[in-house]
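As structure tokens, the structure follows; a few thoughts come after it.
The analysis underlying the following values was restricted to heavy atoms, covering all of them including side chains, and did not include hydrogens, waters or symmetry mates.
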Amino acid sequence: MSSVAVLTQESFNEHRSGLVAEQAGGSSTAGDEEAPAYKDAFPPLPEKAASPEGTQEPVNAWTSKIRPLKSSVITQVFHVPLEERKYKDINQFGEGDQAKVCVDIMHKTGAHLELSMAKDQGLSIMVSGKLDAVMKARKEIVSRLQTQASATVAIPKEHHRFVIGKNGEKLQELELKTATKIQIPRPDDPSNHIKISGTKEGLEKARHEILLISAEQDKRAVERVNIDKVFHPFITGAYNKLVADMMQETGARINVPPPSVNKTEIVITGEKEQVALAVAMIKKIYEGKKNATTIAVEVKKSQHKYVIGPKGNTLQEILEKTGVSVEIPPPDSNSETVILRGEPDRLGQALTEVYAKANSYTVSSVVAPSWLHRFIIGKKGQNLAKITQQMPKVHIEFTEGEDKITLEGPTKDMQMVQSQMEAIVTDLVSRMDYREISVDPRFHRHLIGKGGANINRIKDLHKVSVRIPPDNEKSHLIRIEGDPQGVQEASKELLELASRMENERTKDLIIEQRFHRAIIGQKGEKIKDVRDKFPEVIINFPDPAAKSDIVQLRGPRNEVEKCSKFMAKMVADMVENGFFLSVPIFKQFHKNIIGKGGANIKKIREETNTRIDLPAENSNSEMIVITGKKENCEAARIRILAIQKELANITEMEVSIPSKLHNSLIGSKGRFVRSIMEECGGVHIHFPTEGSGIDTVTIRGPAEEVEKAKKQLLSLAQDKQTKSHTAELKAKPEYHKFLIGKGGGNIRKVRDSTGARIIFPTPDDEDQELITVVGTEEAVREAQKELEELIKSLDNVVEDVMNVDPKHHRYFVARRGQVLRDIADEYGGVMVSFPRSGANSDKVALKGAKDCVEAAKKRMLEIIEDLDAQVTMECVIPQKFHRSIMGPKGSRIQGITRDHNVQIKFPERVDGPGKGGSAAPLAEAAVQENGEANGEVVEEPAAHVDPNAPKKCDIIVLSGRKERCEAAVEALKALVPVTTEVEVPFELHRYIIGQKGSGIRKMMDEFEVNIQVPAPELQSDIISITGLANHLDRAKEGLLERVKELTAEQEDRSLRSFKLTITVDPKYHPKIIGRKGAIITNIRTEHDVNIQFPDKNDDNQDQITITGYEHKATAAKDAIQAIVDELEEMISEDITLDARVHARIIGARGKGIRKIMDEFKVDLRFPQPGAADPNQVFVTGRPELVDEAIDHLLNLEEEYMADVNENESKMTYMKPTGDRGASSMDEGGRERGSSKGFVVREAPWQTGSEKVREAPDMSSSEDFPSFGAPVAATNKASPWGPKRF
């Protein structure tokens, strides 16, 4: 806490008049001629230290009744010279790293930092806070804001520990005091150099302090005396009294190693004379004792500890009484010999003491069954506490698993303790019993009960202790201990409980397996809650692989019933929330149902509280499954269908069909209705839920297909209602394709001839052989008859042989027999066998149904005919275009081979001639066939190459029928990219390319061409477009369209660059710009122009430039001119307003003046400080507004001046201010002379040669300068002392 004395003008005058009054008795001219001394007028505060006894401190104004106070907050100023500053960028003062470092230091230390910059660019930092915080902050400032230097100081190695101090305290204090980092070498380091790092000033201070410590230690001496360990007790004396006396007498420090340390060296440190005296005393003791007599006696090893006593006190006691040292062998030694050393006449007494101490303690044991130990100890050791409180020196030890208790203590107490322990054991044995019962571990948790309720009740009721083994022991034994009768009753009750549990109830719940996972929950958290609610019930779920619905509950009857009801309720809730329905949505609209980032589907799920599952992308299913409560599912379905309806031209139509016919129209597992949906272009047909009694069937899809499906449904419903009949027949799945025929031709013939509908199984149906015939009885009979005949003929397996030229065999078996697999799929699984390779046979065997074999044979003959009619053509296309022709992954070439049924072989890509300039003989390259490499290489001898002949690497070979090959050649040539050139002005090229090539890349992707723009250095206008012929036209049109756009933009830029200059007097520029640029920004925005005002250094300060469209620039010029005209109409008048009211008119932060200017639309200018006429104010604006503003200002002046005059009148009744030349009255009404101020002698700011001068003039701007005001240079001495800036 700090106190501050505030000296006001009045108190100052009173103080001065008091001093004058005191001196008045001495001399009438003392006040005028001699000023008081500074120390008399301003006595110093009392010193912290107390005055010596007998002296009395002079009483003064500060000491009377004031207790000296010490502030807990201190302030220190640190200066960092420019050359030592770490951050020297003066342009960023208060910013950047330096400010960040200061903020960090304040956070870290809790001190407050203020930075200021001196004229020499040095840094002054004022740190305020508690002493500890200031010292830490100082250290941080030095290390982080000041450049660091380092130095070393060498002092003797033995002095290092004194620099470190106890627990390093001295070193820490030294580092804080000097704001340095001091590194002292480790004890094992032979170096004696101490490294110091910090500022130059800190280095010097730290070095000086370390050398002072070392110099102080140089005055001290260290002496080491080697004396046998056995004589150390005589030197230290009993309880170290002798060595303490020696240290007090000599002033030296004597360090004798403790008995546990096997060292003989005694170290004495201190002043040289003190050390010498201490050494002499130690040697004297040693000389007197080195011939002492010794005797050895045998004492049992177990009794040694009694001779030693607690912390060696017994040995010290013997030494004190007899002066004899007793030497005990170390604990790890087997020796029982104890040696006594001392004067012969004292050895006997010492020996008696040793034996007395050795036999003062006895060890014995009491037999007690281990299970009784805890009863002997009692709850929280209460029973033992009674004994140990009476006999605190006796130690009682219980060993787990052993039937005994060990007692150890003074012999006199042992007999009583042993008898008490035996009595307790006898009593417990007589009235305590235990029993072990066997109970199946699975019932243990039920015996314990919820929260231990059962077992605690049994314990309290029968006053027994029951130990039930933990589950991990898997033990059957339960141990009961306590009163024999209680043990008997508790064991009986526990056995009855266990027996009852063996006969507990088991109940089976039928819960559909699909709910099991939901009941169990993820990671079993839900079933855990159920088990916690019914801890006595065991719940067993069947294995998922067992496909069982039985969940078993076992436990007490009531608990099982409660658990059963609870789980039944859970299942009922799940059933209610488990309602689901499927909504057919066309596959292409699934992504719209999902929405961007899943937004749509998420919103529907949240708002309807349903689960919505969509089929996988690679699935053919169109069904979206909605799960939840029925009403919620319906709401979600309506919303999903609404999205589909918005996206496509989907028609929804309702057809009324009696509900009793719905099942027959749907068919087994939906087969019948699915066949209608497929036939009618994938429409969706929705039947109401079974049992609802609703007749309405909804058909959704494209309008034409919906109408077609409606007719079929109504026709079938009518047939079903009148004479519907269904028949089923079976045929092998491989026959189905043959029965259906190519494009459904065969089955359509049967349907048209009979009028029956024939439904084949889908891949998802279980029975893949079942074919269903639906229609009238007669139509079904006829269709069934035809189908059965077809199937019968297919079942009639025959074998046939046909001749196929071996040269064609490879075609059929190529690509792993793909052609043969296609024939088998198309013709009822007919088997075709070709002879083995190398057999040189043309016989091909066919096996299968007669009709299938015939059809397959016919197809193979067609293929052979095609092969015989095959020709080979060559198409020459430069190799550089082959990759483009093939397309990505060979897609284009595969399309041509498929469409034209030809084979195409591409040559292998080869490089040009080698560096030698001659082409090496090339083997015929391996070819690529139909977009795939066949890996064959055929070598031909080198031959003379015709220079005009096409290169082999350019020849593409086609095989197939002549007309097909010709069509394929045309298709290939159509794929050859061609190049066209477009003339585009060079200056537009960079706009066509776009930023980082984005523009040209977009065009190439859009038109599937390559666009080549010439290099800038060529200055060419020609742009090349390369691509397929059918793409070139579109690309050329697109490029020319882009050129047209760019030309239009260029013309627009030219129009926008129109410049206009307007001449405006610079005095109007601020008005045109407006406050914070508001007016000029508004003009720029409104007219879409750029307006540039002249820079300060421009010659034409009255020129304003406007850039933009010509008409807009003209409009902006007119707007500016309108403002200028308005300004020129304004007048400026000056009025006289008393300077004393200016501040009030202006208001805080100019609010008052702004309000007046906004209200009257005028501009006010008040005089600057030092103006010739401080009362002159200028008002500028329109004449009528200026008059109104002047009237308002004069009214304000009148109002404010009334206040000023009132205040001045009040001041006349206040004490005089003591101004120079003004006379004043004293308290008695007597007139005083003029005040000359208060002057003192011997002030701190006065130099020795400087004489007492008059008091400073408070009206002087030199003695009392204003902040920021210039001060004229003067050689006159300042009343505040010499200037430091």
Side-chain angles (χ1 to χ4, degrees), residues 155-174 184-192 194 210-292 294 308-320 323-332 339 341-342:
I155 64 170
K157 187 79 176 175
E158 56 270 19
H159 295 176
H160 286 190
R161 63 192 181 93
F162 298 103
V163 177
I164 296 168
K166 188 177 181 180
N167 296 326
E169 289 174 0
K170 182 69 177 175
L171 181 62
Q172 288 175 10
E173 182 189 343
L174 199 57
I184 296 175
R186 296 175 65 83
D188 53 359
D189 188 345
S191 172
N192 63 350
I194 296 174
I210 292 168
L211 289 174
L212 276 180
I213 293 167
S214 180
E216 187 181 337
Q217 296 306 316
D218 281 337
K219 296 177 186 176
R220 301 171 67 83
V222 178
E223 192 73 37
R224 290 177 173 80
V225 180
N226 277 312
I227 293 175
D228 287 344
K229 189 80 176 172
V230 295
F231 296 106
H232 286 190
F234 299 114
I235 293 166
T236 58
Y239 303 106
N240 290 325
K241 287 180 182 177
L242 187 56
V243 74
D245 292 343
M246 281 193 287
M247 285 195 288
Q248 189 170 1
E249 184 180 340
T250 62
R253 182 180 176 81
I254 304 169
N255 183 20
V256 180
S260 58
V261 178
N262 191 21
K263 281 188 177 180
T264 60
E265 188 179 71
I266 297 172
V267 180
I268 306 103
T269 57
E271 300 290 337
K272 290 181 180 178
E273 298 80 6
Q274 296 172 345
V275 169
L277 181 59
V279 169
M281 292 175 76
I282 290 168
K283 286 185 176 178
K284 184 180 178 183
I285 294 168
Y286 172 66
E287 290 298 328
K289 294 293 182 181
K290 71 178 181 180
N291 296 321
T294 61
I308 297 168
K311 296 182 181 179
N313 282 341
T314 305
L315 294 178
Q316 298 296 327
E317 185 185 331
I318 295 170
L319 180 61
E320 186 178 32
V324 174
S325 169
V326 180
E327 300 165 22
I328 306 291
D332 54 354
I339 297 172
R341 188 185 305 275

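- Here the CZ atom belonging to Arg253 is positioned 14.0 Å from the CE atom belonging to Met246, to the nearest 0.5 angstrom.
- Residues satisfying the side-chain contact (heavy atoms from CB on, under 4.5 Å) test with Thr264, not counting sequence neighbours, are Asn226.
- Expressed to the nearest 0.5 Å, how far CD1 of Ile282 lies from CD of Glu287 amounts to 13.0 Å.
- Among all heavy-atom pairs drawn from Ala252 and Ile268, the shortest one is CB-CG2, 3.9 Å.
- Surrounding NZ of Lys157 are more than 12 heavy atoms belonging to other residues, nucleotides or ligands, all under 6.0 Å away.
- Two residues are said to be in side-chain contact when any heavy atoms from C-beta on lie closer than 4.5 Å; Thr294 and Glu327 fail this criterion.
- Scanning both residues, Ile227 and His232, for their nearest heavy atoms gives O-NE2, 3.0 Å.
- One N or O on the side chain of Gln316 and one on the backbone of Tyr239 form a donor-acceptor pair closer than 3.5 Å.
- Using a 4.5 Å heavy-atom cutoff, the side chains of Lys290 and Asp228 are not in contact.
- In this structure a side-chain-to-backbone donor-acceptor pair under 3.5 Å is missing from His159 to Ile210.
- Contact record, Ser325 with Val230: OG-O, 4.2 Å, taken as the closest heavy-atom pair.
- Rounding to the nearest 0.5 angstrom, the gap separating the CD1 atom in Ile266 from the NZ atom in Lys283 is 11.0 Å.
- The minimum heavy-atom distance between Ala238 and Glu320, with the atom names listed, is CB-CB, 3.5 Å.
- The shortest heavy-atom contact between Asn240 and Val243 is O-CG1, 3.4 Å.
- The aromatic rings of Phe231 and Phe234 are tilted relative to each other, their planes meeting at an angle between 30° and 60°.
- Shown here are the side-chain contact (heavy atoms from CB on, under 4.5 Å) partners of Arg161, two or more places apart in sequence or in another chain: there are none.
- Taken to the nearest 0.5 Å, the CG atom of Asn255 stands 9.0 Å off from the NZ atom of Lys263.
- Heavy atoms of other residues, nucleotides or ligands lying less than 6.0 angstrom from NZ of Lys229 number more than 12.
- Other residues, nucleotides and ligands contribute only 12 or fewer heavy atoms inside 6.0 Å of the CD atom of Gln248.
- Between Val163 and Ile155 the shortest side-chain heavy-atom distance falls below 4.5 Å.
- Using a 4.5 Å heavy-atom threshold, the side chains of Ile254 and Ile235 count as separate.
- With values rounded to the nearest 0.5 angstrom, Thr236 atom OG1 is found 12.0 Å from Lys241 atom NZ.
- The side-chain contact (heavy atoms from CB on, under 4.5 Å) check on Leu277 picks up Thr250, Met281, with sequence neighbours excluded.
- At distances below 3.5 Å, at least one donor-acceptor pair connects side-chain atoms of Asp189 with backbone N or O atoms of Ser191.
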